[in-house]
Structures are given as C-alpha cells and as structure tokens.
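Working notes, structure below.
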2 protein chains.
Amino acid sequence: MFRLQNEIGLKLSSSLEDYLESIYLIQRDQTVARMKDIASRLGVTAPSVTGAIKSLNKLGLVEHSNYGYVKLSETGGKIAADIFRVHQALTDFLHIILGLDYQKAESDACRIEHSIEPETVRRLADFLEFAISPSKGCKGCAQKFNEWYLEKDK
Amino acid sequence: MFRLQNEIGLKLSSSLEDYLESIYLIQRDQTVARMKDIASRLGVTAPSVTGAIKSLNKLGLVEHSNYGYVKLSETGGKIAADIFRVHQALTDFLHIILGLDYQKAESDACRIEHSIEPETVRRLADFLEFAISPSKGCKGCAQKFNEWYLEKDK
DNA sequence: TAATAAAGTTAGGAGTGCCTAAATTGTTTC
DNA sequence: GAAACAATTTAGGCACTCCTAACTTTATTA
C-alpha cells in the first residue's frame, strides 16, 4: 500500500495532503492552527477534521493532544512545504503561461497537485522560467501567447 | 451531489471516468468490450468491473446484460470521447511541450484528466497549437525549450 | 463562579471502490 | 452431450472519507 514518494517514503491520499497543506498555510498566517480553521478552509465538518488529524498523528506528521492546537511535525512540515511548492508551480504556470485568472488557476492547481509527478512539475517550472525570460530562446512567448489568445476567436 | 459538467449534466467519479474511457478504447480497437478486457486494462479484478458497469448502466451510459458484452450508450460514447479528447490534449502537451517521454506523458495525463477544468484544457491545446506553429508569434518555442532543457543542468 | 457559548470529540452511518472466495453461466472440446 | 475450462456474478468484507446527532471539554462573561 505504501509507495515511495516523499522523504519518509509514503504516499498520502489526496485528502490527507489537503489537510497537511491547510495546516501549513494556517500556521504560516497565524502561527497556530485550530480544528475549526482547518474545517472552514477545507469546507468539511469538525468530525471530519478530528478523524483526519488522528490519521496524520498516527503517521507522525502532526502533533495534537485532545482539545488542543494542531502543529505540523518536522516531517509533516517538510511534506506540506513540498505540496505547497507543487501548488505554487502549477498555479503560476496556469496563470502566467495559460492566462487563466488567478482564482481559477489556484482551484485547478489544488486538484491537479495530487496527481502530478515530480518530474512533470519540475519541467513545468523550468518551462515557466524559460517562457517568461526575455533572454532565453523564447523571448517572452508567454506574453505573446496571451496576446494571440485574445485575438484568436475574433 | 450532481454538478453540471457534460451534456447530460452529471459529474462522474474519476473511477467511473476511467471505466468509460477504457470501454471506449477497447471498442475502438476491437468493436466489442468484454469484462475481462476492462479488468486487465484497468488493473482491477472482475468483481470490481461488474460493480462499476452496474453503476454506469444505472446512469444510462452503457448497455449490458448479464454475461454479455459491454457497449457504450450514445450518451456514454459522447462522454467517453470527451474524456479521451482531454487525455490526448494533456498527453500531447506533456510530451511535445514539456518533453516528457510518451509513456510518462500518458500516465500523468491519465491521472490529471479527471481533475482539470475544460477551460484549462482548451487553453492547453491552444497553447500547443501556438507553440509548435512556425508561423505564430512563438516560432517553434516548444523545440527551443527542449534544446534549452537538455543543456540546462550541464 | 455559575451559566452560556464555542470548540472539539465520540458514536453511528452512508457512499464509493476495491478485494477474495464461492457460485453461476457460457464455451470448448473430446 | 458431458466434462473441463473460461468468464462473469454474487456475497461478504475492508479502507477511506465524509456526514449528523449527541456529548464533553474549554473559554467567555455576567
């Protein structure tokens, strides 16, 4: 059932990845994450959060004692940061290259981030670097694509 | 629970989309699809297929009577074709633009296809058209990126 | 500090999607 | 056409992830 994937060698479900990422972002914004913050961010009910946190706790990815705050463990923090990096790379690509509005780019990224391979993400990020660089071979083709796209269906 | 998504207005699970797509491809290659073909293509056991086909049958997307062949209904065929178009667009993008080898492009596409929005796919396909065209603003930047990428880490 | 409100947990249940084992039906082949 | 084999279905179970309702703990405040 376990597939080598991140530094501790386990493959998390999309759902648990979402929880981890939420905790990461809440911690970043507010230092501590509470169950209700996680619930409202993910649009689930409190008991769902309790269950998920228990799973993450068993896996050693969060620290949590009853009725208290939730904190990412060191490993949990690393994994969450990885997930968020993927999220960012995808969002940037969808927004800057494809020209999706930022909201849509984020929500699409949020779903795709769980099913994309690391190599693909790496290439996506590299392509972005290449495409927006005025000095590399492409000379700002992201910009050019968006101009072309706007004219396209006229 | 239903979200407007395709022409009959329902959102299928990733799993059911996979079944539909498999049947579509088997039908294309061999005219009729049998349960065991579907099972082996998806890497699941026969009872899993029986269950999934029952669900698709209830939704009116396949025709199937006990111990017989499976056939896509008209609606099922349209939805499957849509799914496959997304699959192709994604695969092409990952292979031609990002330079992933075809196998990896396909397997990544296979997972991403369930979570990407139609608008994003459209833009991806348009970007591909733009990027490989020698006449449009980009002048074959897909090619240039791949050359740059190969040199990158040297 | 006792009452109330807010946050969190427990209990129990539903839907999905997979599995194994066992029964059934269909197809060959002698 | 009956035995043997292949394909499919049924039965039963498990993991995951969500839910509602009810209960417990913690925080607020009058």
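A note on names: the letters A, B, ... follow the listed sequences, proteins ahead of strands, and every chain is numbered from 1. Quantities reported herein were computed from a predicted structural model and do not represent experimental measurements.
Legend: residues meeting side chain to side chain donor-acceptor pair (under 3.5 Å) with A/Ser48, ordered by chain and number and at least two apart, are A/Thr45. Partners of A/His114 under the side chain to side chain donor-acceptor pair (under 3.5 Å) rule, at least two apart in sequence or in another chain, are A/Glu17, A/Asp18. Here B/Tyr67 pairs with nothing under the ring-ring contact (aromatic ring centres under 6.0 Å, His included) rule; sequence neighbours left out. With sequence neighbours left out, B/Arg85 forms a salt bridge (charged side-chain N to carboxylate O under 4.0 Å, His left out) with B/Asp82. Remark: B/His64 engages no residue in a side chain to side chain donor-acceptor pair (under 3.5 Å) (not counting sequence neighbours). For B/Phe127, the ring-ring contact (aromatic ring centres under 6.0 Å, His included) partners two or more places apart in sequence, or in a different chain, are A/Phe127, A/Phe145. Residues passing the salt bridge (charged side-chain N to carboxylate O under 4.0 Å, His left out) test with A/Arg28, sequence neighbours excluded: none.
For the OP1/OP2 pair of D/dT17 and a distance below 4.0 Å, the side-chain nitrogens and oxygens of A/Ser13 include at least one atom meeting the criterion. Taking 4.0 angstrom as the limit, B/His64 places none of its side-chain polar atoms (N or O) nearer than this to OP1 or OP2 of D/dA7.
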Set out, line by line, the N/O atom pairs under 3.5 Å between protein and nucleotides 19-22 of chain D.
unit_1 : atom_1 : unit_2  : atom_2 : d
D/dC19 : OP2    : A/Thr45 : N      : 2.9
D/dC19 : OP2    : A/Thr45 : OG1    : 2.9
D/dC19 : OP2    : A/Ser48 : OG     : 2.6

Would you tabulate the pairs of protein nitrogen or oxygen atoms and nucleotide nitrogen or oxygen atoms of nucleotides 2-7 of chain C closer than 3.5 angstrom?
unit_1 : atom_1 : unit_2  : atom_2 : d
C/dA7  : OP1    : A/Lys36 : NZ     : 2.9

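Taking the six-membered ring where tryptophan is involved, the planes of B/Phe93 and A/Phe93 are tilted, since the angle between them lies from 30° to 60°.
Taking atom CG of A/Leu16 as the reference point, atom P of D/dA15 lies 15 Å away to the nearest angstrom. Taking atom NZ on A/Lys54 and atom P on D/dA15, their separation rounds to 17 Å, with Å as the unit. The distance between atom CD of A/Glu17 and atom P of D/dT17, rounded to the nearest whole Å, is 11 Å. B/Ile53 has its CD1 atom 13 Å from the P atom of D/dT10, to the nearest Å. In this entry the distance linking NZ of B/Lys58 with P of C/dG17 reads 13 Å, nearest Å. We find that CG of B/Asn66 is positioned 16 Å from C1' of D/dA6, with the value rounded to whole Å. Atom CG of B/Asn57 and atom P of D/dT8 are 15 Å apart (whole Å). When the P atom of D/dA15 is taken as reference, atom CG of A/Leu59 falls 15 Å away, rounded to whole Å.
Looking at residues 18-26 of chain B, you'll see B/Tyr19 sit with a heavy atom under 4.0 Å from some atom of DNA chain C.
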Begin from the C-alpha positions of B/Val121 and B/Leu90 and carry the test side chain to side chain contact (heavy atoms under 4.5 Å, CB included) through to its verdict. CA-CA 7 Å; B/Val121 177; B/Leu90 265 167; 5.6 Å; no
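By the 4.5 Å side-chain criterion applied to Ile, Leu, Val, Met, Phe, Trp and Tyr, B/Tyr69 is assigned to a cluster that also includes B/Val32.
Sorted by first and then second residue, the salt bridge (Lys or Arg N to Asp or Glu O under 4.0 Å) pairs with a member in residues 96-108 of chain B read A/Glu119-B/Lys104, B/Asp108-B/Arg111; sequence neighbours excluded.
Backbone-only contact: B/Ser15 has heavy atoms under 4.0 Å from sugar-phosphate atoms and none from a base. Within 4.0 Å of A/Ser55, counting heavy atoms only, lies no atom of the nucleic acid at all.
Annotation: A/Gln30, atom CD; neighbour count of heavy atoms from other residues, nucleotides and ligands within 6.0 Å is above 12.
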